[in-house]
Amino acid sequence: MASEKHLLLIDGNSVAFRAFFALHSQINTFINHSGLHTNAIYAFNTMLDVVLKKFAPTHILVAFDAGKTTFRTKKYDNYKGQRAKTPSELSEQLPFLHDLLKAYGICSYELVNYEADDIIGTLAKRAVDKGFKKVDIVTGDRDLTQLATDQVTVNVTVKGVNHLEAYTPEHIAEKYQLTPRQIIDMKGLAGDTSDNYPGVTKVGEKTAIKLLKKYHSVEGIYEHLAQMKPSKMKENLQNDKQQAFLSKDLATIKQDAPVTVELEDLAYHGQDIAALRRFYQEMDFNSFLSKLADPEADKKREKVKFQKLVQADIPAVLAGFTGPVTFYLEMLASNYHVAPFAGFVIGQKGQWYVSTDVKLLQQPAFTAFFADEKQEKLVFDAKRTYVGLNRLGIKLAGIRFDLLLVSYLLNPNDSGNDLGKIAHLHQYQDVATDEEIYGKGAKRALPEDVQVLYQHLAQKAQAIEQLQAPLDKRLEENEQDGLFKEMELPLAIVLAQMEIAGIRVDKKQLNQLRKQFAQRLETVKQKIYAEAEEEFNINSSKQLGKILFEKMNLPVIKKTKTGYSTAVGVLEQLRPIAPIASDVLDYRGLAKLQSTYIDGLLKVIHPEDQKIHTTYLQTLTATGRLSSIDPNLQNIPVRDEDGRQIRRAFVPRQADWQIFAADYSQIELRVLAHISHDHNLQQAFINGEDIHASTARRIFGLDQNAEVDPNMRRQAKAVNFGIVYGISDYGLSQNLGISRKQAKNYIDSYFQEYPNVKKYMNDIVAMAKKYGYVETLFHRRRYLPDIHSKNFNRRSFAERTAMNTPIQGSAADIIKVAMLNMQRQLKERNLQATMLLQVHDELIFEAPTKELPLLQKLVPQVMDAAVKLEVPMKVGYGSGPTWYDVKES
DNA sequence: GACTTCACG
DNA sequence: ACGTACGTGAAGTCG
């Protein structure tokens, strides 16, 4: 006998139920980034850890109930009839328990027609028969205690899921003075309220135990019933005889269910760490994640050899390189435009040279090396590397591979930007994460021992080099090599150049606005205090809610998770009945401008060049768009006049220059017209119609040339937006403030008028289901695992995403192509004009006034020619002395 | 650090 | 019956 086998059987449903209520008080804090409740999954995971440690089983299975109907409901159709429906917050978690178990390497099992209890009863018996030394059962339910024997212990959760009460035959004898099998008789007599079967009238646990001590079993009781003294109880027993036997039968756990798994298949071989890590990331279980990150992990990582680079060796080292060279430049602080340099690593084929002295890079041999575009480089984050080297006066060319960009293209959902984490994602373990080496938050700093830094840098370089071939191969398999080589990689350089160029901001203008806003802010503040008859913090939605809805008793229109909503929509509805609502809106508007835009922008103006240098995130969004941070220059106010004034501060870098901007008109709807091949939608664009008016005519059944009143156009515009977002009647009704039914009518008529748009929507969802992802025109991918979710919300969200991503993503692709071509044109033509900003469908430039006539032709032409669609593109443009003055002409 | 609000396409 | 419009970033409050 090689080993003593020990089987652990877990009652999945009942433990999940206990787990759910164990953390029920914290249900609102256990929500992951996808909006899934995770409290039951979390507690279930804790339980697993506890029992694995406690029992150290050799074999495990978790049994689940298969469905509502079982052989018991056939015998007694009220079985479990009174049971409350499982809360949706719990049922949405159940599918993920299976994922968790799979990652744990634990078999889960359910059997049609049987309950988890019966699976457990059957396997417990089989295991004992097959010579297992021990069986432990974990459940939240005392029913299973009937299975206890010398070999089988039933562990019932008490208070939460981490404390177990072990029911052995001895323990049961002590507690009930019964044998385990008599538990069944007890249930037969006393019934079970939770399973909703009756037992005998007026007989509860106590009476049942008394009777069983005397007569041993239900059968025994009825054999001796005649001899019992007349009593109310005797009468009840007589009347309820059938019920008693039925209840006993229902309470009996099957030990011969047709379970199809073999005991050998339940052997436990441990967790799948990579799968578990993915799962914890998905659930946002950071504590489990960090426990998983084995504290010894870094020690287990293969050490990489490195040499400290000294100046004298540079020419020889560079001369010795053949083929691609890996280079990595370390900067710790978040903003790489100003972050101090921490060090660098360079090398190839496992030969790494490190240094903390970035001045070495300015040696002529190095600068020539970096500028040589024939000398291929492998990097992590080309844009950051380009900007960093630029700060050292070094030109960078010849990048051939960017680990960050490639990883993003392979799966834009993995939007992290830590080299170590990304490497681990691709099964490369021999590199630490930055958090492991530098720490996080306020504690983030260079390691005391410089050797630790060197090792980390060398490991990073090795990771880049090792991952290049396999990830390049995956790009090709996905037909994404073109997307990488011809779009994203060259774009990284263009973006770097735009960030470096920066945009000039006029401090005086901002300060002037600040004064003006401050005055108005003070006035409206006092007015609000007067109306509220007290002073309070208007910025606090909580305090504001109290004033509006408790003190002033205004009607509550909407609630948020935590209290009253005071959002714009709500205040607008209150406006007619309460002037304070209007004033709060004014206050909010001004406060936002003041803090986010005036103060916010003043803080980030570079003291030397008076410019703002944003950072574009090229590897963040799930759709392929860029984002802009520190500061965000993609959300500078434009819609309201007050906010629009901010744009007066954005000026050209030289007098006698102008700001020039060009934008795509309706690019997303044009993309939709292209990919759906919808004739009517295409025709509207080909005829150069006002697209929203055209849609209005169609969905409201007007004549071709009929006048469209502004309200109809507004509604049609909302429908068009809805279509692009992956429409739902509810969403549209909310947006337009109409009934859901009315919204549905609009959508139905839209689809009738644009049948191929409807077909596209159906087809793209079907594609997502079939392949698990959707694609843009340029093969950008987005995986949608939730498309198969049983959870309505998650699935619906995935379906809307499937409809929207190819549209938004293709539009993002198109402007990226335009940017590349634009930058080439500016260079080839030796123009001074500079591309400064991208705001999703528009490009902003600064240029000498004398170049404007050329730009007015060139920019629209380049943007227009970026891609050939089945419908024409339309590009608008304008210019002026400040960004504010740029209005389309 | 979660939550709410609001700026943009 | 379920309860959402798609994609972002920043500032403020509050526990």
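Note: hydrogens, waters and symmetry copies are ignored here, and every other heavy atom, side chains too, is used. Naming: A, B, ... by sequence-line order, numbering from 1 per chain. Keep in mind that what you see is a predicted model, and the values were worked out from it rather than measured.
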- line: Ordered by number, residues from residues 561-573 of chain A within less than 4.0 Å of DNA chain B (heavy atoms) are A:Lys561, A:Thr562, A:Ser565, A:Thr566, A:Ala567, A:Val568
- prompt: Do A:Arg713 and A:Thr695 have side-chain atoms, one donor and one acceptor, less than 3.5 Å apart?
  reply: no
field: Contact boundaries on DNA chain B for chain A, cut-off under 4.0 Å to non-hydrogen atoms
entry: B:dC3 to B:dG9
task: Take nucleotides 9-15 of chain C nucleotide by nucleotide from the 5' end and write B, S or -, depending on whether a protein heavy atom sits under 4.0 Å from the base, only from the sugar-phosphate, or from neither.
output: BSSSSSS
- request: Kindly express the pairing pattern of DNA chain C in dot-bracket notation, using | wherever a base pairs with another strand and counting only Watson-Crick or G-U pairs under 3.5 Å.
  value: .....|||||||||.
query: Out of C:dA5, C:dG7, C:dG3, which has the shortest distance to the side chain of A:His840?
result: C:dG7
- prompt: Going by distance alone, is a donor N or O of one side chain under 3.5 Å from an acceptor N or O of the other, for A:Asn804 and A:Thr801?
  reply: no
task: Write down the distance separating the P atoms in C:dT4 and B:dC3, rounded off to the nearest Å.
output: 14 Å
message: Please give the distance between the P atoms of B:dC6 and C:dA5 as a whole number of Å.
response: 15 Å
- line: Closest to the side chain of A:Tyr730, out of C:dT8, C:dT4, C:dA5, is C:dT4
query: Under 4.0 Å: is that the gap between some side-chain N or O of A:Arg800 and OP1 or OP2 of C:dT4?
result: no
- prompt: What residue among A:Glu488, A:Arg625, A:Lys816 forms side-chain hydrogen bond (donor to acceptor under 3.5 Å, both in side chains) with A:Gln618?
  reply: A:Glu488
query: What pairs of residues pass the salt bridge (charged side-chain N to carboxylate O under 4.0 Å, His left out) test when at least one of them lies in residues 718-739 of chain A, not counting sequence neighbours?
result: A:Asp729-A:Arg740
- prompt: Partners of A:Tyr438 by ring pair (Phe, Tyr, Trp, His ring centres under 6.0 Å), sequence neighbours excluded?
  reply: A:His456
query: What do you reckon, are the aromatic ring centroids of A:Tyr750 and A:Tyr746 less than 6.0 Å apart?
result: no
